[in-house]
Structures are given as C-alpha cells and as structure tokens.
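Take a look at the structure set out below.
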Protein chains: 2
Amino acid sequence: MDTRTRLASLLERLRDNGHRLTPQRVAIVRALIEHDGHPTVEQLHQSILPDFPTTSLATVYKTIALLKEDGEVLELGFGELGSRYDGRHPKPHPHLICTRCGAIADYTLQGLDELVARMAAETGFAVDSHRFDMFGLCPACRGAAPTPPTDGQAARHTEHRPD
Amino acid sequence: MDTRTRLASLLERLRDNGHRLTPQRVAIVRALIEHDGHPTVEQLHQSILPDFPTTSLATVYKTIALLKEDGEVLELGFGELGSRYDGRHPKPHPHLICTRCGAIADYTLQGLDELVARMAAETGFAVDSHRFDMFGLCPACRGAAPTPPTDGQAARHTEHRPD
DNA sequence: TTCCGTGCAAAGAGTTTGCATCTGT
DNA sequence: ACAGATGCAAACTCTTTGCACGGAA
C-alpha cells in the first residue's frame, strides 16, 4: 500500500469514528505516514511546525492516541529514550535497533505468528500482541569508529535519534 | 542455580568490582534474588523496609544500576508501567505478560539465539541483545470475568502489579 | 450554533542527581 | 582515615490533563 492510499485510509478512519479532520490533524497523520522510518513525537512535531507554527506537542500526542485506539499505529516505547511510531505497518513485527545512531530497521520474520501461537498454546496465555526487538549496531555503525572518544573524523552518519 | 548460590555470586561480584557490601545493598540484592517473579523497584523497596526503614528508593535504583552494569540483572522496561527486574536469569529470554493482572511468565524458546543470529546476519546488524515479549491474558485471567465492570465476585487473583 | 479540538501551562510518574552526612574497608 | 554509600529533596524527561478560546461540521 502506497503512502497516499494509507494516508487516505487513516483520515477516513478518523472521520468515520466521529473525529474532525482539522488541518493540524491531517498534517500530523501525513507526517507520520510519509516519514520513512519510525519518527518520535518530537520529529512529527518538527515536521509540521513550518506549516502550523502554533501546533503544540499535546496535539501531536492526542492525535497519535486516536490512531493508537484504532490500532492504526504501532508504538515502540523505549523507556527513557522516548517512543517511536510506525503508521505504515501497525502490526507487530521484529525490529533491529542501532544503539549508536538510533536507526530502526523492520524485519519480516516468516512464521513468527505461528511461533507466538505455539508459545501461547504451551503456556495457556491468550496472546494478542507481542514485541520483538533486537539491539546492536547497524551496518553503518559497525564500520565506524568503535567507540568515538572525542575525534571528529568518523563521518558519524546522522540517522534518527543520534543521542 | 539455587537462590543462595546466586545471591553469593552477586555479592561476590559486587565486592570484586570494588563496591562495598552495605547492609542495604545486601538486602536489596537478596530481595531481588528471592522474589519469585519480576519485582518492581517499589516492591524491592517495600521488602527491605521492615529491616531497613530509612532506605530510600534512590538507593534501590543505584544498587540495581550496579548490577545492570555487570549484566547481572535483566531490566524489563514497560514505559509508563514502570520497570521489572529479573536477577535470576539475566540473559534475554521471552516473556508472557498478562495485561490484566500483571503476571510475567518466563519462556525458554529453543533455537532463539540461532534465530536472532540469522536475522542479524541477514540485516548486517551486530546484535548483542534482544527483547521478546508477548502480551495477553494469563491462564487465570482468561477464566475470570471477561472485563470486570463493577462486580466483586470474580476472585481476581492477586498476582503482581494489579493495575 | 454546537461541540470538539487546540494550545498553553501545569500536573504526573518514574527515574536520576546533587550534596551533606555516614560508614565499610 | 578516606573513598564510597546513603538518604533526602530537587531536577529531569516524556507524557497527560485542565481549561478557555477557536474552528469544523
């Protein structure tokens, strides 16, 4: 599904659920869908500020909350590191998170649902969602300086959340 | 490994790393190891209060931080729901979390390490840890009232974190 | 016109930190 | 004795909430 279709789908969903399509809301949803990656609330806020300079973080949070209610956005909370959102693929799936540059890659694991179902069956739990994250260094950061002390040579590629 | 051995092992580790074995610290580590489940900081704090009434939450956090540095405790952060700690099995492993009563069950998944290694190899990430959690209803909560409105009959078994 | 949404600021929760006072080693 | 630990309170971050004004339907 292309981003245009997905965007229309989300807006329609909001409208059908009795929510108003304010310009800010549309902009937030658009930013969420068009952002290639797993944006933070802060990043979404920043992307719409040029068009809507008075938009508050609270509004972004509220809009995302609406989408979460409908299961149209996947929230990846990382404790103190804040949360990332995926409005393109809201179904749970594995992620690879770079602990150095913050990049997050999606992974499609065949048979994961069956695996989860098997564990559920064995334990007697009625599982309805899951979370599978792996932490380490992304390909780019593996090649970069091991643990940059204070040098400014390694072209520290700026992916998301550089910390 | 029984809890007694594990406790001695952790205390030794702390001592070897140049940390002092204060009574509070020993009590916190003991509480962590002896707690059958995945205690919260609050729970650890409560368990040692009878013996050390002046102990502060900060001290509990600091002690856990030491163990985390040594990789001797597994931290399960749940965003707004706070964190749970596992001092018995610090190696990453799957968990089944009951969203109703808060119970957390461990699961030993054969071949998980190989699976993670395969995903790492395919994506080029250098994975050094992971997190695999499943959310749903535990066996006890499945049988209980679907979504207790206001009745007081269902013997709502008190596991951890009743929410 | 009527609610719902916005945006500001204040509140909240969990965790961390600063600092003076103790204490293990 | 001295470096390190404790414990209190303040600080911090991310997120939620209260409320008056503004705007979608």
Side-chain angles (χ1 to χ4, degrees), chain A residues 10-29 31-32 38-46 48-49 51-70 73 75-85 102 160-163, chain B residues 10-29 31-32 38-46 48-49 51-70 73 75-85 102 160-163:
Chain A
L10 286 195
L11 294 180
E12 182 183 6
R13 179 74 98 110
L14 284 178
R15 190 163 41 82
D16 290 352
N17 287 15
H19 302 300
R20 294 177 184 167
L21 294 187
T22 65
Q24 294 94 325
R25 229 167 234 182
V26 174
I28 293 167
V29 176
L32 175 66
H38 302 72
T40 63
V41 163
E42 199 61 61
Q43 288 173 324
L44 294 175
H45 187 223
Q46 288 299 323
I48 66 173
L49 276 189
D51 293 314
F52 304 92
T54 64
T55 304
S56 68
L57 268 177
T59 297
V60 180
Y61 276 111
K62 285 167 184 167
T63 299
I64 289 180
L66 291 181
L67 297 173
K68 275 197 290 183
E69 283 175 16
D70 294 342
V73 67
E75 180 176 39
L76 298 175
F78 291 109
E80 72 269 1
L81 294 172
S83 294
R84 305 292 208 89
Y85 299 90
H160 324 81
R161 189 183 288 277
D163 277 341
Chain B
L10 286 194
L11 294 180
E12 182 184 4
R13 178 74 99 112
L14 284 177
R15 191 165 40 82
D16 289 352
N17 287 15
H19 303 299
R20 293 177 186 169
L21 295 187
T22 64
Q24 295 93 327
R25 224 166 240 183
V26 174
I28 293 166
V29 175
L32 176 66
H38 302 72
T40 64
V41 163
E42 198 61 58
Q43 288 174 324
L44 294 174
H45 186 225
Q46 289 299 321
I48 67 174
L49 275 189
D51 293 313
F52 304 92
T54 64
T55 304
S56 67
L57 269 176
T59 296
V60 181
Y61 277 110
K62 285 167 184 167
T63 298
I64 289 180
L66 292 181
L67 296 173
K68 276 196 291 182
E69 282 175 17
D70 293 342
V73 68
E75 179 177 38
L76 298 176
F78 291 109
E80 71 268 3
L81 294 172
S83 293
R84 305 290 208 88
Y85 299 89
H160 325 81
R161 189 182 288 278
D163 274 342

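By convention in this document, chain letters (A, B, ...) are assigned in the order of the sequence lines, proteins followed by strands, and residues within each chain are numbered from 1.
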Measure from the side chain of [X], starting at C-beta and using heavy atoms only, and say which of [options] lies closest.
{"X": "T54(A)", "options": "dG7(D), dG7(C), dG5(C)", "result": "dG7(C)"}
{"X": "K62(B)", "options": "dC8(C), dG7(D), dG5(C)", "result": "dG7(D)"}
{"X": "Y85(B)", "options": "dG7(D), dT15(C), dG7(C)", "result": "dT15(C)"}

Considering heavy-atom distances to DNA chain D, does A65(A) or T55(B) have its closest nucleotide positioned more toward the 5' end?
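Taking each residue's closest nucleotide, the earlier one in sequence belongs to T55(B).
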Practice prompt. Please lay out, stage by stage, how T22(A) and T59(A) fare under the test side chain to side chain contact (heavy atoms under 4.5 Å, CB included).
Written response: CA-CA 11 Å; T22(A) 65; T59(A) 297; over 6 Å; no
[N], OP1 or OP2 - any side-chain N/O from [X] closer than 4.0 Å?
{"X": "H19(B)", "N": "dA5(D)", "answer": "yes"}
{"X": "R15(A)", "N": "dA24(D)", "answer": "no"}
{"X": "T22(B)", "N": "dT23(C)", "answer": "no"}
{"X": "Y61(A)", "N": "dT15(D)", "answer": "yes"}
{"X": "S83(B)", "N": "dT15(C)", "answer": "yes"}
{"X": "T59(A)", "N": "dG7(C)", "answer": "yes"}

**OP:** Give one of base, sugar-phosphate or nothing for Q24(A), where a contact means two heavy atoms less than 4.0 Å apart.
**Re:**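 Sugar-phosphate, backbone atoms only, no base.
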Give L57(B) one of three labels, base, sugar-phosphate or nothing, depending on what nucleic acid heavy atoms sit under 4.0 Å from its own.
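L57(B): no heavy atom of the nucleic acid under 4.0 Å.
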Which whole-number value in Å describes the distance from [X] [atom1] to [N] [atom2]?
{"X": "I28(A)", "N": "dG5(C)", "atom1": "CD1", "atom2": "P", "answer": "12 Å"}
{"X": "I64(B)", "N": "dA5(D)", "atom1": "CD1", "atom2": "C1'", "answer": "16 Å"}
{"X": "L76(B)", "N": "dG14(C)", "atom1": "CG", "atom2": "P", "answer": "17 Å"}
{"X": "R25(B)", "N": "dA3(D)", "atom1": "CZ", "atom2": "C1'", "answer": "12 Å"}
{"X": "H45(A)", "N": "dC14(D)", "atom1": "NE2", "atom2": "C1'", "answer": "14 Å"}
{"X": "D16(A)", "N": "dA25(D)", "atom1": "CG", "atom2": "C1'", "answer": "15 Å"}
{"X": "E42(A)", "N": "dC14(D)", "atom1": "CD", "atom2": "P", "answer": "8 Å"}
{"X": "L49(A)", "N": "dC8(C)", "atom1": "CG", "atom2": "P", "answer": "10 Å"}

Side-chain (R25(A)) to main-chain (R20(A)) donor-acceptor, under 3.5 angstrom
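Yes; judged by distance alone, with no hydrogens or angles, the pair exists.
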Notebook entry, point to check: Can you tell me if H19(A) uses its side chain to pair, donor with acceptor, with the backbone of R13(A) under 3.5 Å?
Noted result: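 Absent.
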Measuring from atom [atom1] of [X] to atom [atom2] of [Y], what distance do you get when rounded to the nearest 0.5 angstrom?
{"X": "T54(B)", "Y": "F52(B)", "atom1": "OG1", "atom2": "CZ", "result": "9.0 Å"}
{"X": "L32(B)", "Y": "Q43(B)", "atom1": "CG", "atom2": "CD", "result": "11.5 Å"}
{"X": "Q46(B)", "Y": "T55(B)", "atom1": "CD", "atom2": "OG1", "result": "11.0 Å"}

**Quiz item: R20(B) side-chain donor-acceptor pair to dG4(D) base, under 3.5 Å** =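 Indeed there is one.
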